[in-house]
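Worksheet: the structure to be examined is printed underneath.
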Amino acid sequence: MKNRQGERYLGMRVVIVEDEPNTRNGIIKIIEKYTSHEVVAGECDGEAGFEKVLSLHPDVVITDINMPKMDGLAMIHKIREAGIMTAAVLLTGYSEFEYAQRAIQLSVAEYLLKPLDVEDIIEVLGTVEKKLSKNKVEKVSAEQLLFSILTGDGSDEEVVQKQFAEKIRKQKDKVISMFLIQSESILEDTTNQMTEVLKDSLDAICLTGFFIFKLPYEKQILVMISDGQNARYLKTIFKTQILKELKEKGEFLISYGELANLSGLKDTLKQMQEYLTYTFVFQDQCIIDRELVGNLSFERVEYPEYLERGVKRDIRNGNKEGIRKNARKFEETVIQSRGEPKVIKNHTVRFVMAALNTARDLMKNKDIEALYQYLLNDMMKTGIREIFLNNYWKVIDMVADDREKDALTGNGMILNVIEFIRQNYDKEVSLSDAADLVGITPEYLSKLFTREMGINFCTFLGEFRVSVAKKLLATGNYKIHEVAEMVGYKDTKYFNKVFRSIMGVSPSDYRKVF
């Protein structure tokens, strides 16, 4: 039911079960006039009341005891047997009060004594609402509270922070250590696998106060440790044990921060995310923290216009050695410099884009659009210099050498895996399947594939599927879910996510272009 203005209710949803019409209607009028609660049903007996509670799952049911067909206590008992914990308020007279005491066993929230009074009804509903709110807060997980802190608008932030602190803090007056891990894979499953590795590893070393959260930011995992261990010990554990196990699941970036007060959580996390961008400067599997970043100094790196002019000239002249010579000089001057990571990336992309545009007419057998996609997604997004450099040389090789397969890799084993993907991309394809094909372990294939291709197996598979999906979408003959299935994705939502992460737009938006 709604009030006379048809406004949306912000309070509780209430079912009234009372066989006396005047009493029932009186309660409904009082609730609608004096409270923000919504009366969703009014019934005259216990059987009808039970059916309404079963179908509507209200927050509270107000019921008389003595009613035809089924009395109020029997109805509440049946509601509890059905596993519904709707709060119950009993309507009872003084003469029935002793009889009603057995209702305590049925988790009755409150009583209303007849004859009813407006103030009593309002007070009882207010008490019930507070109890329900407290129960909801107690059931909220640490993950939900963290999500509220990170995405909230600031309202009730102090309350949420206090609740979150009670959930996670085991040692009073101790700094909370935080590790932020970002998967470099485009596939959500890699993040899930890394989350499981973290849980198992931290359990194995018997830490008593750790929490692991998959953040609303894509592919990021936050580990909060509050059991009082010092930062040096925790970093050593991560470096010597946990990072090695994470690496088996895929490439990643990791940073460290400390939190003394939850009011600074957002700022600290933002700072840790900024730290991740400096992974490019350090060696692989380095935990980036305030100290490392504070000691950094960068040099100014100018864009080498002369190298761009040289590589464009050599592409037009077909001088392959000249192309590679200019590319090597660019690597020494820019990529291996002590410039800021974003400057290095921007300069590099500018250089290879110039090379690709110049070579466009000479690359008749190449998919120039796929090269652009490969460039922008893999080079710009990676935070690891080694992978960035490998991708750089893959693009240069594609420009300098017209033999497509040799440009990709000269390793016959990897070529067999790529051919396996081409023939089976529309099915369930796993790293283990590919490893069985070439007779090596999945772990070794993962390392070999990443070394040869500059990207890991899962990333290559995702990009290959998206490249096929683009062609299917361009025909306009298939629905989105049909395209998803045709390229090996049973879950359309997941296909949309992978497609957007690679192309920057959804499949439906991409199709509008054609």
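Side-chain atoms are counted along with the backbone in the values below, which use heavy atoms only and exclude waters and symmetry mates.
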Side chain to side chain contact (heavy atoms under 4.5 Å, CB included) between Leu259 and Met224, intermediate numbers included: CA-CA 9 Å; Leu259 190 66; Met224 302 183 75; 4.2 Å; yes

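- At least one side-chain heavy atom of Leu215 sits under 4.5 Å from a side-chain heavy atom of Leu269.
- Across every non-hydrogen atom of Trp393 and Ala327, the tightest pair is CH2-CB, 3.6 Å.
- Residues that satisfy the side-chain contact (heavy atoms from CB on, under 4.5 Å) test with Glu248, not counting sequence neighbours, are absent from this structure.
- Residues Met178 and Leu265 meet the side-chain proximity criterion, which asks for heavy atoms closer than 4.5 Å.
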Side chain to side chain contact (heavy atoms under 4.5 Å, CB included) between Thr459 and Glu251, intermediate numbers included: CA-CA 11 Å; Thr459 301; Glu251 300 292 341; over 6 Å; no

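- Within the 4.5 Å cutoff, no side-chain heavy atoms of Lys325 are placed close to those of Asn319.
- A donor atom on one side chain and an acceptor atom on the other are found under 3.5 Å apart for Ser506 and Ser508.
- Glu274 is linked by a side-chain contact (heavy atoms from CB on, under 4.5 Å) to Thr277, Tyr278, counting only residues two or more places apart in sequence or in another chain.
- Distance check, rounded to the nearest 0.5 Å: SG of Cys286 to CD1 of Ile384 gives 11.5 Å.
- Between Asp397 and Arg324 there is a salt bridge, with a side-chain nitrogen of the basic residue lying less than 4.0 Å from a carboxylate oxygen of the acidic one.
- In this structure, Gly11 and Asp59 approach most closely via the heavy-atom pair O-OD2, 4.5 Å.
- By the side chain to side chain donor-acceptor pair (under 3.5 Å) test, Ser201 is found to be paired with Glu245, residues two or more places apart in sequence or in another chain being considered.
- Using a 4.5 Å cut-off on side-chain heavy atoms (C-beta onward), Glu196 and Lys199 make contact.
- Taking Lys490 as the reference, Glu428 meet the salt bridge (charged side-chain N to carboxylate O under 4.0 Å, His left out) condition, with sequence neighbours excluded.
- From His57, atom NE2 reaches atom CD1 of Ile79 across 10.0 Å, with rounding to the nearest 0.5 Å.
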Salt bridge (Lys or Arg N to Asp or Glu O under 4.0 Å) evaluation trace for Glu305 with Arg350: CA-CA 10 Å; Glu305 297 275 2; Arg350 178 179 170 182; 2.8 Å; yes

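- A 4.5 Å side-chain heavy-atom check between Phe298 and Pro341 finds at least one atom pair inside the cut-off.
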Working for side chain to side chain contact (heavy atoms under 4.5 Å, CB included), residues Leu253 and Tyr275: CA-CA 10 Å; Leu253 316 179; Tyr275 291 167; over 6 Å; no

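- Contacts of Glu443 classified as side chain to side chain donor-acceptor pair (under 3.5 Å), with partners at least two apart in sequence or in another chain: none.
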Phe464/Val487 under side chain to side chain contact (heavy atoms under 4.5 Å, CB included): CA gap, chis, key distance, verdict: CA-CA 9 Å; Phe464 189 89; Val487 297; over 6 Å; no

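- Here the side chains of Cys458 and Leu431 are not in contact, with every heavy-atom distance at 4.5 Å or above.
- For Glu291, the side chain to side chain donor-acceptor pair (under 3.5 Å) criterion is met by no residue, not counting sequence neighbours.
- Going from atom CD1 of Ile225 over to atom CD1 of Ile237 covers 9.5 Å, rounded to the nearest 0.5 Å.
- Across all their heavy atoms, Arg465 and Val429 have their closest contact at NH2-N, 3.9 Å.
- The neighbour count for Lys493 NZ, taken as heavy atoms of other residues, nucleotides or ligands under 6.0 Å away, does not exceed 12.
- Checked against side-chain contact (heavy atoms from CB on, under 4.5 Å), Leu437 has the following partners two or more places apart in sequence or in another chain: Phe420.
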Step-by-step salt bridge (Lys or Arg N to Asp or Glu O under 4.0 Å) determination, Lys312 to Glu308: CA-CA 6 Å; Lys312 289 162 74 173; Glu308 179 182 319; 3.5 Å; yes

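- Atom-to-atom distance recorded for Thr475:OG1 and Leu473:CG is 7.5 Å, nearest 0.5 angstrom.
- Tyr256 meets the side chain to side chain donor-acceptor pair (under 3.5 Å) test with Ser177, Glu258; sequence neighbours excluded.
- The environment of OH in Tyr444 is sparse: at most 12 heavy-atom neighbours from other residues, nucleotides or ligands sit within 6.0 Å.
- Applying the ring pair (Phe, Tyr, Trp, His ring centres under 6.0 Å) criterion to Phe280, with sequence neighbours excluded, gives Phe388.
- Remark: side-chain polar atoms of Ser446 are not paired, donor with acceptor, to backbone N or O of Pro442 under 3.5 angstrom.
- To the nearest 0.5 angstrom, Met503 atom CE is 4.0 Å from Lys470 atom NZ.
- Inter-residue side-chain proximity for Phe351 and Val395 is flagged as unmet; no heavy-atom pair is nearer than 4.5 Å.
- The residue from Thr195, Asn192, Thr191 that alone fulfils the side-chain hydrogen bond (donor to acceptor under 3.5 Å, both in side chains) condition with Lys214 is Asn192.
- Between Val40 and Pro58, the shortest heavy-atom distance links the atoms CG2-CB, 4.4 Å.
- In this structure, Ala41 and Leu56 approach most closely via the heavy-atom pair CB-CD1, 4.0 Å.
- Atom NZ of Lys52 is surrounded by 12 or fewer heavy atoms from other residues, nucleotides or ligands within 6.0 Å.
- Taking each heavy atom of Val343 and Val301 in turn, the nearest pair found is CG1-O, 4.1 Å.
- Taking Tyr303 as the reference, His347 meet the ring pair (Phe, Tyr, Trp, His ring centres under 6.0 Å) condition, with sequence neighbours excluded.
- For Thr450 (side chain) and Lys447 (main-chain N/O), no donor-acceptor pair under 3.5 Å exists by modelled atom type.
- By the side-chain contact (heavy atoms from CB on, under 4.5 Å) test, Lys479 pairs with His481, Glu482, sequence neighbours left out.
- From Phe179, atom CZ reaches atom CG of Leu198 across 10.0 Å, with rounding to the nearest 0.5 Å.
- Under the rule for a ring pair (Phe, Tyr, Trp, His ring centres under 6.0 Å), the partners of Phe499 that lie at least two apart in sequence or sit in another chain are Phe495, Tyr510.
- Residue Arg338 qualifies as open at atom CZ: its count of foreign heavy atoms under 6.0 Å is 12 or below.
- In this structure the side chain of Ile242 reaches within 4.5 angstrom of the side chain of Leu202, judged on heavy atoms.
- A salt bridge between Lys235 and Asp289 is present, with a side-chain N of the basic residue lying under 4.0 Å from a carboxylate O of the acidic one.
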